[in-house]
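Note: hydrogens, waters and symmetry copies are ignored here, and every other heavy atom, side chains too, is used. Everything numeric in this text was worked out from a predicted model, so none of it was measured.
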Amino acid sequence: MSAAFLKPVLYSYFRSSCSWRVRIALALKGIAYDQIPVNLLKDGGQQFSTEFQAVNPMQQVPALKIDGITLSQSNLTLLKRAAGEKKLEWAQHYIMCGFQALEQILQHTAGRYCIGDEVSMADLCLVPQVYNAERFKVDLAPYPTITRINKALLELDAFQVSHPCRQPDTPAELRA
C-alpha cells in the first residue's frame, strides 16, 4: 500500500497540550489516525530515543506523519525550570497572567465558544490550558467566561475523545 493511502500517525504524549490540540483538530475534521504514545518521562524521555529521533529529529511531540511526511511543532517551554513547589508557583503565575488577559478579551469575542458560536483555533488552545490550570491547582473562580466556555467545549465529542484521560498511554490511575 502506498504512503498516500495510509492513515496518518500521531506520535503524542497523553498530557501534552500540543498533542491534545492536534487530537482535537483531527477529531473535529473526522480524520481517523493511528496513535503511537511517546512517554516523555520514562527512562529520561522516549522522545530522545534513536527510534523517535528518526521520526522527528526535533525530538518533540506531537509529530504527525501524513502521506510519508512528518509534521512537527515546537512545544512551549517545559516546566523543567524548577522542581516541586517552585514548579507549581511558576506554573500558577504564568497561567493566571494569561487567564487574566484572556478573560478580558473574551468579554468582547465570546459567544458559546471563544469567538462566537463556532469552534475556532482559540478553543483548541483553551481546553488544554484549562486542564493544565486544574492540574496545577489554579483557582478558576476569577475566570467565569473561561470556565463557561471550557465546560461547553468539553461537551463536544471531539474534545471528549481527545482528552488526556482517554489516550492509550494514560496511566490507569489517571483514566476517567
Fill in: Between CG on residue Leu26 and OG on residue Ser12, distance to nearest 0.5 Å
10.0 Å
Worksheet entry | Gln167 side chain vs Val161 backbone, donor-acceptor pair below 3.5 Å | yes
Discussion item. Nearest 0.5 Å, please: how far is OH in Tyr143 from CD in Gln104?
Written reply: 10.5 Å
Item to complete: Indicate, with yes or no, if Val127 and Met121 share a hydrophobic cluster defined by side-chain heavy-atom contacts under 4.5 Å among Ile, Leu, Val, Met, Phe, Trp and Tyr.
Response: yes
Worksheet item: Counting only heavy atoms not in Glu118, do more than 12 sit closer than 6.0 Å to its CD atom?
Response: no
Worksheet item: Can you tell me how far the NZ atom of Lys65 sits from the CD1 atom of Ile36, to the nearest 0.5 Å?
Response: 8.0 Å
Worksheet item: Quick one: OG on Ser162 to CG on Leu28, what's the gap to the nearest 0.5 Å?
Response: 8.0 Å
Fill in: Spatial distance of atom CD1 (Ile24) from atom CG (Leu126) [nearest 0.5 Å]
9.5 Å
Worksheet item: For Ala122, which residues count as a side-chain contact (heavy atoms from CB on, under 4.5 Å) partner, sequence neighbours excluded?
Response: Cys114, Ile115, Ser120
Worksheet item: Among the clusters formed by ILVMFWY side chains lying less than 4.5 Å apart, do Leu102 and Leu154 turn up in the same one?
Response: yes
Item to complete: List the steps, then state whether side chain to side chain contact (heavy atoms under 4.5 Å, CB included) holds for Leu124 with Leu153.
Response: CA-CA 9 Å; Leu124 274 64; Leu153 289 163; over 6 Å; no
Fill in: Minimal non-hydrogen separation, Glu103 against Pro142, with atom names
CG-O, 4.2 Å
Discussion item. Run the side-chain contact (heavy atoms from CB on, under 4.5 Å) test against Arg135 and tell me which residues pass, sequence neighbours left out.
Written reply: Arg15, Tyr131, Asn132
Worksheet item: Of all heavy-atom pairs between Arg175 and Pro168, which one has the smallest distance, and what is that distance?
Response: NH2-O, 3.2 Å
Worksheet item: Do Leu174 and Val38 share a hydrophobic cluster, counting only Ile, Leu, Val, Met, Phe, Trp and Tyr and linking them when any side-chain heavy atoms are less than 4.5 Å apart?
Response: yes
Worksheet item: Is a donor on one side and an acceptor on the other found under 3.5 Å between the side chain of Gln35 and the backbone of Tyr11?
Response: no
Discussion item. When you measure from the side chain of Gln129 to the backbone of Ile95, do you find a donor-acceptor pair of N or O atoms at a distance under 3.5 Å?
Written reply: no
Practice prompt. Mind running side chain to side chain contact (heavy atoms under 4.5 Å, CB included) on Leu140 and Val130 for me, showing each step along the way?
Written response: CA-CA 9 Å; Leu140 295 174; Val130 172; 4.0 Å; yes
Practice prompt. Check step by step if side chain to side chain contact (heavy atoms under 4.5 Å, CB included) holds for Leu156 and Tyr113.
Written response: CA-CA 11 Å; Leu156 300 176; Tyr113 307 120; 3.7 Å; yes
Practice prompt. Verify the cluster assignment for Ile105 and Ile149: are they in a single hydrophobic cluster under the rule of side-chain heavy atoms below 4.5 Å apart?
Written response: no
Worksheet entry | Least distance between heavy atoms, Arg148 atom then Ala110 atom | NH2-CB, 3.9 Å
Discussion item. Quick check: closest heavy atoms across Phe14 and Pro164, and the distance to 0.1 Å?
Written reply: O-CB, 3.0 Å
Discussion item. Please enumerate all residues that pass ring-ring contact (aromatic ring centres under 6.0 Å, His included) together with Tyr13, with sequence neighbours excluded.
Written reply: none
Discussion item. If I take atom CZ from residue Arg23 and atom CG from residue Leu64, how far apart are they, to the nearest 0.5 angstrom?
Written reply: 12.0 Å
